[in-house]
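Both counts, for ligands and for their atoms, begin at 1 and track the order of listing.
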Amino acid sequence: MKQFRIAVIAGDGIGKEVIPIGKHVVDVACEHECEIEWVDLPWSSDFYREHGRMMPEDGLVQLRSFDSIYLGAVGDPPDVPDYITLWGLLLPIRKQFDLHVNVRPVRLMPGIQGPLRNRGPEDIDMLFVRENTEGEYAGAGGRVHQGTEHEVALQTSVFSRFNVERVVRYAFDIAQRRRKHLTSITKSNAMQYGMPFWDDVVNDVAREFPDVEVSHVLVDAAAAAMITKPQTFDVVVGSNLFADILTDLGGALMGSLGLPPSANIAADPTVPSLFEPVHGSAPDIAGQGIANPIGTVWAGAMMLDQLGESDSASRIVQAIEAVCADGSVLTGDLGGSATTVEVGEAIVSALRDQN
Ligand code: GGG
């Protein structure tokens, strides 16, 4: 039986409530296939309050030895500023481990009432590939004359050919195995250096994939088209910030931001990849036991898939589909009244029903 060691960072807010559900579902899904040693790491805003940092000094060294990282959510505003929580934990992991792409499915699940009139699961089935280590999140910039009326802040986007090329190639490769259409998100009309460069790289890589049709769409137009003609999107590739924003819109199209998962994939397969729900810590509902655990459970399925346990991964996604289609055990964000734990139990029982 295969054995995996997984680092668990439940983090803040609802992360602490949804992660135990995800772990349990993953354990049940692969109970005859693999054995998982979960190692819980208390790295969070509470850890920051106690130690003045989001993770220990050797945190990244500790993480390196795991097969995967399973993360809930980070953020505890206004007590701890969001830039502290993100730059103290999630972003250093993405950068240090070269988690070059962030794969985010946007699917309307059968049985879920999305916000768009007359649109069903056949209309909303996209896969976002988000550039994940540079772009607008490169961390290049600074503040000068701080605290004076002459204060200036610079936040510089960074696009390197090496990185954009491999991210775009990753997206083309997936598009080739799906409906053979790739939408590249741009803003080359207003951002006259980085974005025409991005478009050039997409066009260069496109020559390796002649069977994949490519559309270049301005980010603002893409946001509108995701609402007015979502069926035109198959695989979508975008910069770090653009794809982050559009995938929150994607979560809304799915009916709730509690549903979408994400996989931060390491370029080097010997380095752990990181799996997390798209949503954040949701302080407004934290501690009430009502958070939707589906995004986290689905992220667990993406983790199993990346670890080579694709049957168990598919079974989890099927169980999620069954719970959504049934519709009787859903959390409040999806119009139901079930608790986080009850949705987890429903997914486990759907898994058991497959046997
Ligand atoms: N699920 C992890 C989490 O808390 N995400 C919220 C967030 O703000 N993430 C930043 C990002 O993905 O760029």
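Checking Ser44 against Asp46 by side-chain atom types alone, no donor-acceptor pair falls below 3.5 Å.
Atom NZ of Lys180 has more than 12 neighbouring heavy atoms from other residues, nucleotides or ligands inside a 6.0 Å radius.
Nearest protein heavy-atom contact of atom 4 (O) of ligand 1 is Val74 N, 2.9 Å. Residue, atom and distance of the protein heavy atom nearest to atom 2 (C) of ligand 1 are Glu276 OE1, 2.7 Å. When only non-hydrogen protein atoms are considered, atom 6 (C) of ligand 1 lies nearest to Gly280 CA, 3.8 Å. Closest to atom 11 (C) of ligand 1 among all protein heavy atoms lies Arg94 NH1, 3.4 Å.
Under the 6.0 Å distance and 45° angle rule, Arg5 counts as a cation-pi partner of Phe66.
Counting only residues at least two apart or on different chains, the salt bridge (charged side-chain N to carboxylate O under 4.0 Å, His left out) pairs with a member in residues 300-315 are Lys2-Glu309.
Phe172 and Phe209 have parallel rings, their planes meeting at less than 30° on a 0 to 90° scale where 60° marks the start of perpendicular.
Interface of Leu71 with ligand 1, defined as ligand atoms under 4.0 Å from a residue heavy atom, comprises 2 (C). The Arg104 neighbourhood of ligand 1 comprises atoms 12 (O), with distances under 4.0 Å to a heavy atom of that residue. Every atom of ligand 1 with a heavy atom of Tyr137 under 4.0 Å away is listed here by number and element: 13 (O). In the vicinity of Leu86, heavy-atom distances shorter than 4.0 Å reach the ligand 1 atoms 10 (C). Near Arg130, meaning under 4.0 Å from any of its heavy atoms, are these atoms of ligand 1: 11 (C), 12 (O), 13 (O).
Taking 4.0 Å as the cut-off, Gly72 counts as a neighbour of ligand 1 on heavy-atom distance. Heavy atoms of Glu136 come nearer than 4.0 angstrom to ligand 1 in no pair at all.
When the heavy atoms of Ala299, Ala243, Pro277 are ranked by distance to atom 1 (N) of ligand 1, first place goes to Pro277.
Annotation: side chain of Pro260 is not in contact with side chain of Trp298 (no heavy-atom distance under 4.5 Å).
Ligand 1 has an N or O atom lying under 3.5 Å from an N or O atom of His279, backbone or side chain.
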Under 3.5 Å, which donor-acceptor pairs link side chains of residues 328-338 to any protein atom two or more places apart or in another chain?
unit_1: Ser328; atom_1: OG; unit_2: Asp326; atom_2: OD2; d: 2.4
unit_1: Thr331; atom_1: OG1; unit_2: Asp333; atom_2: OD1; d: 2.6
unit_1: Asp333; atom_1: OD2; unit_2: Ser256; atom_2: OG; d: 2.5
unit_1: Asp333; atom_1: OD2; unit_2: Asn292; atom_2: ND2; d: 2.9

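Under 4.0 Å is where a charged nitrogen must lie from a carboxylate oxygen, and between Arg94 and Glu134 no such pair does. Taking 4.0 Å as the cut-off between side-chain N and carboxylate O, Arg207 and Asp204 count as a salt-bridged pair.
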